[in-house]
Structure formats: C-alpha cells, structure tokens
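Letters A, B, ... mirror the listed sequences (proteins, then strands); counts begin at 1.
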Protein chains: 2
Amino acid sequence: MQNSLQIIFPNFSSELIATIEENGTLQNFETGTILMRTGQYIKNTVLITKGKIKIYREGEDGGEFLMYYLQPGQACAISMICTAKSEKSQIMAKVVEDVSVMMIPLQMMDKWMMEHRSWYEFVIETYRSRFEEVLEVVDNIAFRSMDERLEFYLKRHSDACGCSEVNLSHQEIATELNTSREVVSRLLKKMEQRGLVKLNRNQIELLNVK
Amino acid sequence: MQNSLQIIFPNFSSELIATIEENGTLQNFETGTILMRTGQYIKNTVLITKGKIKIYREGEDGGEFLMYYLQPGQACAISMICTAKSEKSQIMAKVVEDVSVMMIPLQMMDKWMMEHRSWYEFVIETYRSRFEEVLEVVDNIAFRSMDERLEFYLKRHSDACGCSEVNLSHQEIATELNTSREVVSRLLKKMEQRGLVKLNRNQIELLNVK
DNA sequence: ACTCTTCTGTGATAAATGTTACTGTAGGTT
DNA sequence: AACCTACAGTAACATTTATCACAGAAGAGT
C-alpha cells in the first residue's frame, strides 16, 4: 500500500507518504457517487489514487457544467483552498469511474505545508494547474461557438480516458455543455459528415481528432 | 510609508511589513498602462497599494474578456501561482486607475510562506477568493444570457469604483463582454426603458441596480 | 414476436445574438 | 461657422442556438 501511494505521487517524500498513511483514510466509491455537492461544507482534502472524478459547476436551474477531470495523482483544489475556514464547496464532484481516494483531515493541510516541502509544492502546483484549466474553460465559453466547444469536449474526454471512444449519450454531453440534446445531435452529425467521428448508439468514435 | 502598508494590509504582521519594505520595490503606473501581457514571463508578485487594475483573458482574435478587478489590499493571484517555475502569464493586466504597486521578487514568495504565517494566510486567501471569482465568471457566461451578464457587469463596475456612474463607451463594454457594440446599445436602451439606468454620452447612471 | 424505454435524427419555428449599413448628435478643432 | 471624429441609435438581415414536435432505431425485458 505504502508502495503504491509513492508510485502515484512520485514527488512526495517518503516521510510525507508515511504521514499520509498514518493520518489519511482510504475510501472507495462507485461510479455515479456524488462525492461533494455545491454548498456542502468541506471536511477533507481529497487525493485521488484510482479512478476518475468529474468536477461540475451547478447552475441555479439544475445545469451541470463540466469544469474538469480529476485523476490518480491529483487532488481536489477546491478542497485544499477551503482549508481552515471549512468553507462551503462551490462545486459538485461526481465519480465517473470507480475511485479510491485518500481523505485527509483539513487540519493536516496547514501543518504539512510547513513541515513537508513536497506537500507544499504539490499544493501550489495543484492550485496553479487548476486555475489554468478553469481559465481555459472561460476561453471556450467566452470566445468559441458550440461546434468548437463540442470538439474540445470530446478531445478532453478522450485525453482523460486514454481511448478514442466516448460512451455517453447526446443528452449527457448536452447537459455538460449546458446546451440541448438536439444541438449536440446536429453538430455531431455534421462532424460525422466531415469525417471527424463515427456515431453509434451511446458511443462516439473519434477518428481524426488529434 | 511603513504605516500605510500596515493599514492597507491589516492582517500582515509587523515583521512581515518590515520585510516587504526591505525587499519590495514600490512602483507607480498611470491609467492605461498594460502591466502584464499574456505570454510574458512573470518576475514579480504584485501587491496593490493604491488604484485599480483590471484582469483580462485575451482571445486569439484580440478579444479582451474581463475577469476581475484588483484593488488596494489585494494581490495578483496569477503572479503568486507562477512561483518558482517563472511561468508565462495566462492573463493581461491593465491599469484603470493610477496605481501604486509593491513588486516582490518571486523567490521571496516561497521563503515568506515558511517564515510568515500572515503571508501564508494571505496567499491562501488570495487563491481562494480569486478561484471563486473565476467560478462566478464561468457561471455568468455558461448559464446567463447577455442582458443578465450586462447587468452583472455594470453592478461589478459600480461596486469596484464605489459610485453609480459608469464612464465607459458602449464599445468598451462590448469588448469586455466579448459581444458587439450594437448589442450593448440595444440592451442598455431596454434597461433604460425598464428604469434601471439613465444613458448619457460616455456615461451610464445606475438607478435601481442594487 | 411484442412491448417499452431510451436514444437518435430531423424538420419547423422561435429567440437571441451578430453583422451591415446608415443616421444623427455631441464635442472638439480650426 | 464649418469641419471632423467618436459615440449612440436603430432598422434590416444573417447566423447561431433553443425549443417543439414527431418519427424511427436499438436494445432490454416479457
């Protein structure tokens, strides 16, 4: 166990790994589980050791706008940011591939920041990369039209799962882009005509999407 | 001088203030100055002591999408995040009201994080509040239509300047919302008919905008 | 085979936003 | 006054996206 954590988080010092083992709780969650809801109080910092999580921003009308993916070796930036104050979560986290996560009590955050250089660097890097990712999301919705956003969405999905098949219904995609199912169907059809994808039921094969 | 820094950053310890005085450089910039461009390397962490700065995300086509304001007592989160690695800036910063800023060499960041509790807390709080602000921006463009976004824009402007007059042309507003001048004119006219604003040349008076 | 449900495709239409083109107006300059 | 320029208003039209309505196809269960 100790060994595997070290492999997933190669930059952590061995002392830090030991401390995590000591203070953290490893928990498993099945696909579909909502790990965190908007407005809930955050009690733990979450390190992902296995599986996949999607982070959404929820609209008042029930929209679920996809922000980004969390994968093994990563951590939830939101759960780190809301440290001492035990702030409310601004996002919703959903398991999309059975996960194992290491739950770390929030009070450890501050302590380790001072005691473990590799933790400090990990936290800063997490902030930085998530901030950049959110800025890229802003780019997409501010500057691009739906067809470009859809292409970007598919590319991101295939990057995240490491495969070229997207096993989602048009409705699910529409929800995560905050548009309607019909729009997604139409745009996908156009992409198929351009030879970018092949459409099957509940599956989209990416062809030339680099 | 030492005194005024302490007033603007009330949570900083007196030792930290002294260290800042010692290592930082106070600089002044006039309205209109571009403090930082997308793609430039960041060499300093910036603390604002006077004036106002707007942070933009630049589109490939030359769009300037407004993200948020920076005011006295605040710091540029981006310039903090891109610490050790001296990363490229992902944003553009423009002075909109003559500013004084304290430039702090990036290498101080890490050092002070360990040595000054009040610096550490300030940095974490800066990350947190900016992250939240950007999430709110995502909300706006993902879930809201242009008329709502325009209202939000005007409200934010009046909050930032503490007055109820917006001294901007329709074109400037359109640029910052990444839409066209005509659309802004139309929507403003509708708002005027609803009694929300009064339109003058180069000025919009907010009436009932709470 | 039949039924049911979910998913997909598509036309028709509406609404929001973007674009083009033109007009008038306020203010500054000569 | 005459002129110039930036700003603002607005009509007409194009494009994009959203909504409504409906039909057919695929798969699951009986």
S.K.: Specify the separation, in whole Å, of atom CD of B:Glu172 and atom P of D:dA8.
M.R.: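 Spelled out: CD on B:Glu172 to P on D:dA8 is 9 Å.
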S.K.: Take atom CD of B:Glu182 and atom C1' of C:dA16, then tell me their distance rounded to the nearest Å.
M.R.: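 Rounded to whole Å, this separation is 15 Å.
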S.K.: Could you state the CD1-C1' distance from B:Ile173 to C:dT17, rounded to the nearest angstrom?
M.R.: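 So the two atoms are 17 Å apart, to the nearest Å.
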S.K.: Is any side-chain N or O of A:Arg186 under 3.5 Å from a base N or O of D:dT19, one able to act as donor and the other as acceptor?
M.R.: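 Side chain to base: pair present.
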S.K.: A:Lys190 NZ to C:dT10 P: how many Å, rounded?
M.R.: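 A:Lys190 atom NZ is separated from C:dT10 atom P by 12 Å.
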S.K.: Does the side chain of A:His170 get closer than 4.0 angstrom to OP1 or OP2 of C:dG9 through an N or O atom?
M.R.: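 Yes, A:His170 has a side-chain N/O under 4.0 Å of OP1/OP2 on C:dG9.
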S.K.: Quick one: do B:Arg57 and B:Glu64 make a salt bridge, cutoff under 4.0 Å?
M.R.: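 Salt bridge between B:Arg57 and B:Glu64, a charged N being under 4.0 Å from a carboxylate O: no.
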S.K.: Assign B:Asn202 to base, sugar-phosphate, or nothing according to its heavy-atom contacts below 4.0 angstrom with the strands shown.
M.R.: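 Touches sugar-phosphate only.
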S.K.: Name the nucleic acid region contacted by A:Ser169, choosing base, sugar-phosphate or nothing; use a 4.0 angstrom heavy-atom cut-off, strictly under.
M.R.: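 Answer is sugar-phosphate: A:Ser169 comes under 4.0 Å of backbone atoms only.
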S.K.: Of the listed nucleotides (C:dT8, D:dC20, C:dG9), which one gets closest to any side-chain atom of A:Lys189?
M.R.: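 So the side chain of A:Lys189 is nearest to C:dG9.
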S.K.: If you find the nucleotide of DNA chain C closest to B:Arg181 and the one closest to B:Leu187, which residue's nucleotide is nearer the 5' end?
M.R.: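 Result of the comparison: B:Leu187.
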S.K.: Taking the side chain of B:Ser185 as its heavy atoms from C-beta onward, which of D:dT19, C:dG18, D:dT10 lies nearest to it?
M.R.: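 Within the option list, the nearest is D:dT10.
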S.K.: Within the distance-only criterion (no hydrogens, no angle test), does the side chain of A:Arg149 pair as donor or acceptor with the backbone N or O of A:Leu177 below 3.5 angstrom?
M.R.: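 Side chain of A:Arg149 to backbone of A:Leu177, a donor-acceptor pair under 3.5 Å: yes, one is there.
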S.K.: Calculate the interatomic distance between B:Glu205 atom CD and D:dA8 atom P; express it in whole Å.
M.R.: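 Interatomic distance, CD of B:Glu205 to P of D:dA8: 14 Å.
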S.K.: Please name the pair of heavy atoms, one in B:His157 and one in B:Asn167, separated by the smallest distance, quoted to 0.1 Å.
M.R.: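 Answer, listing the atom of B:His157 first, then B:Asn167: NE2-N, 4.4 Å.
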S.K.: For B:Phe9 and B:Phe12, take the angle between the two ring planes, folded into 0 to 90°, and tell me which bin it lands in: parallel under 30, tilted 30 to 60, perpendicular over 60.
M.R.: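 The arrangement is parallel - the two ring planes meet at less than 30°.
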S.K.: Looking only at side-chain atoms of B:Ser145, point me to the closest of C:dT17, D:dA21, D:dA18.
M.R.: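 For B:Ser145, the side-chain atoms sit closest to C:dT17.
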S.K.: A:Gln193 CD to C:dT8 C1': how many Å, rounded?
M.R.: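 Taking atom C1' of C:dT8 as the reference, CD of A:Gln193 is at 14 Å.
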S.K.: Remember a base hit wins even if backbone is also touched, and classify B:Leu188 as base, sugar-phosphate or nothing at under 4.0 Å, heavy atoms.
M.R.: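 B:Leu188: no heavy atom of the nucleic acid under 4.0 Å.
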S.K.: Specify the separation, in whole Å, of atom CD1 of B:Ile204 and atom C1' of D:dG9.
M.R.: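 Atom CD1 in B:Ile204 sits about 14 Å away from atom C1' in D:dG9.
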S.K.: Of A:Asn178 and A:Arg201, whose closest DNA chain D nucleotide lies nearer the 5' terminus?
M.R.: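 Per heavy-atom nearest nucleotide, the more 5' residue is A:Asn178.
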S.K.: Figure out the CD/P separation between A:Gln171 and C:dT8, and round it to whole Å.
M.R.: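 The distance from CD of A:Gln171 to P of C:dT8 comes to 9 Å, rounded to the nearest Å.
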S.K.: Which of these, A:Asn11, A:Val123, A:Leu16, sits in a side-chain contact (heavy atoms from CB on, under 4.5 Å) with A:Ser118?
M.R.: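 Answer to the side-chain contact (heavy atoms from CB on, under 4.5 Å) test with A:Ser118 among A:Asn11, A:Val123, A:Leu16: A:Leu16.
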